Amino acid sequence: MSGKLHQLGSCGVAKSEEDRRRYESLWNEFFRDPSQWWDNSTSKRSPKHADFKHKFTKDSLLMDGCYNPPWVIEELRRRGFASLSGELCRSTIMGAALPVSLIKAYEDGAAFVVSLRACTKNKDLHRGIKLHDNILKMGLVEKCSDALVTMYAKCGELEKAKELLNLHNSRDVITWTALIAAYARKGQSQRALNCFDRMQHEGISPNAVTYTCILNACATMGAVVKGEEIHNVVAKQGLLENNIVLGNALIDMYAKCGALPKAQDLIERLPSRDVVSWNALIGGYAREGQGEQALTCFEHMQHEGISPDAVTYICILKACATIGEIAKGEEIHDEIRKQGLLQNNMALATALLDMYAKCGALSKAQKLLKKLRFRNVVSWNTLIAGYVQDGQGKQALDCLNLMQREGISPDAVTYLSILKACATIRAIEKGQEIHERIAKDGLLQDSTMLGNALVDMYAKCGALSKAQDVLQKLPSRNVVSWSTLIEGYAQEGQGEQALHCFELMLNEGIRPDAVTFVSLLNVCSHLGLVDMGHALFASMKTKFGVIPNSECYTCMVDLLGRAGRLERALELVQEMPSLQRSAIWLALLDACRVRGDINLGRWAFEQAVQVNKSHGPPYILMGQIYAAAGMQDKARNIEAQRVKYQA
DNA sequence: ATAGGGTTAG
């Protein structure tokens, strides 16, 4: 186009006249048979320009092309396609239900296919159903079945899409892919995989797009083995040589499955990378809490001459948040501000808020929130969660008020944080008020988590019988609900009640997990119920199939130590996987203190200082052991070492 | 035509 404009200067008139005639005939062509044209108006390349491309000649027509004859717009309107004005027109033009008179003109079904494709693109289910209806009435369904399946799939009507695909026995890769893509998008990964298998069973070979969708499904379900299998297949077919999207889907799959070395290896081997490749990898590192690696990738990418975009910044801010890198975060903030990205990207603004909040810079976060041109419930939730995490329950509650004064209603996420705030500052009256609002909004029906937060709030405020009452009235409860209550009783020193709740839970058929046992073992430890604790610990594996975590072992060592059964405690320490042992030494050392066992104590002490970066607690305990044994010199020596290390 | 990376909580 620019070439043609250039020529206008020299021999303008003749040239433009020629173009005018050319486009006039093209538009005539278009109206003779619109089904011969693709509508590219939402392609990523030029989202702003409606762009019809002829299937075979590749001629293209722009809705707002400067050589268009004046009657084009009027003609489009006359045919009932749409009323024409800018973006709205472009999205509705091909999707409008056609008047019956026009439909009759395309009895081969092609006109329906064109209209259905537009509905697919615009996710216009309403029009799509109307078209389906007309198609049935005219007996054209055989010719339109693929377009119908695709339309229903994209509009989220998966049952309908599947039904039609089966009914008409589609042999078209693209149609099958559309259904697979829809399953993957909706998070129904297993269905996507089943569909993928069935398609191949019917002798239809997947293409690069199908593989991309399947990798997406693998990513959401963490199916790294299946993902690797796909990787091998596409590599063998040479599809990675020329398809960057497919390569990126692979990187993302590995990253989302936590296989970051594989993702890193792949990005280095791909023939080409772009900003999306790096974003997938950086996002993976950020999610896994490996902030340093994310930052390294960020440097690497820029070194390669690839500029970060808004998504990159979101990922990097998340990385900064997880490792508390506020300085780098502020640098990024500057960059974002310079590029003016905050004004139109809520996700980016939220990521920035979250970075400040997670780094404990809450006044900065609050200032930023105030300055944002757009705020929503998510922005406020981020700030509120930040205050709660920082232990500033009162501030969190203040935010709730500010937010509501702005006319923004809290949602389930808000209430989760707010209840936690009430729990930390033991604000039971406020908690009760929130409880009433949650109940009134009907939020308890579809959020077990919110119910659990209520139980936790009442429990942490010391209102255990209220907590139990709430739990027993919840529409749905799970192991977390009961574990929360059990831990609540344990914290309040009501061990018998905790054990009683365990029975109630089992009677309901809910299986305990490792967290439940930590509370129960603590109770046994405090009540001196050594035998019972032992029995519970044994039953974890044998009766409930729960693998004890390191906290369980710590509880047991504590329990045995209090009872003076050091030998058994030592056995347990040796039983547990060596990688998990870091937290156990302190418990063993404390047990040695209770029993006054200097030799074992010395050994536990050595282990403890080896794994523990903080040199405080083991030195204190060891000092106490020496002091109790009357070895004052040794005790002073240990204390001196502690002071030295802490300086 | 069908397709890739991203925000709050847990």
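Order of the sequence lines fixes the chain letters, A, B, ..., with proteins taken first and strands second; residue numbering starts at 1 for each chain. Remember, it's a predicted structure, so these values are computed and weren't measured experimentally.
Using modelled atom types, one side-chain atom of R171(A) and one backbone atom of E202(A) make a donor-acceptor pair closer than 3.5 Å.
Distances were taken from every side-chain heavy atom of T212(A) (C-beta onward) to each of dA1(B), dT8(B), dA3(B); the shortest belongs to dA3(B). In the set dG6(B), dA3(B), dT8(B), dG6(B) carries the atom at the smallest distance from any side-chain atom of A347(A). You'll find that the side chain of L416(A) is closest to dA9(B), out of dA9(B), dT7(B), dA3(B). Set against dG6(B), dA3(B), dT8(B), the side chain of V311(A) has dG6(B) as its closest nucleotide.
Across residues 252-270 of chain A, D252(A), K256(A) each have a non-hydrogen atom less than 4.0 Å from an atom of DNA chain B (numbered order). Against DNA chain B, the stretch residues 176-204 of chain A makes heavy-atom approaches under 4.0 Å through T177(A), A181(A), R185(A).
Using a 4.0 Å heavy-atom cutoff across all strands shown, R273(A) reaches no nucleic acid atom at all. Within the nucleic acid shown, T120(A) comes within 4.0 Å of sugar-phosphate atoms alone, with no base atom in reach, counting heavy atoms only. Using a 4.0 Å heavy-atom criterion, one finds that D411(A) contacts no nucleic acid atom at all. Within 4.0 Å (heavy atoms only), N243(A) reaches at least one base atom of the nucleic acid. Residue A249(A) is classed as having no contact, given no heavy-atom separation below 4.0 Å to the nucleic acid.
Remark: K318(A) is in phosphate contact with dT7(B), judged by side-chain N or O atoms under 4.0 Å from OP1 or OP2. OP1 and OP2 of dA1(B) both lie 4.0 Å or more from every side-chain N or O belonging to K154(A).
Regarding M151(A), its CE atom lies at a distance of 15 Å from the C1' atom of dT2(B), rounded to whole Å. If you measure from atom CG of L443(A) to atom C1' of dA9(B), you get 14 Å, rounded to the nearest angstrom.
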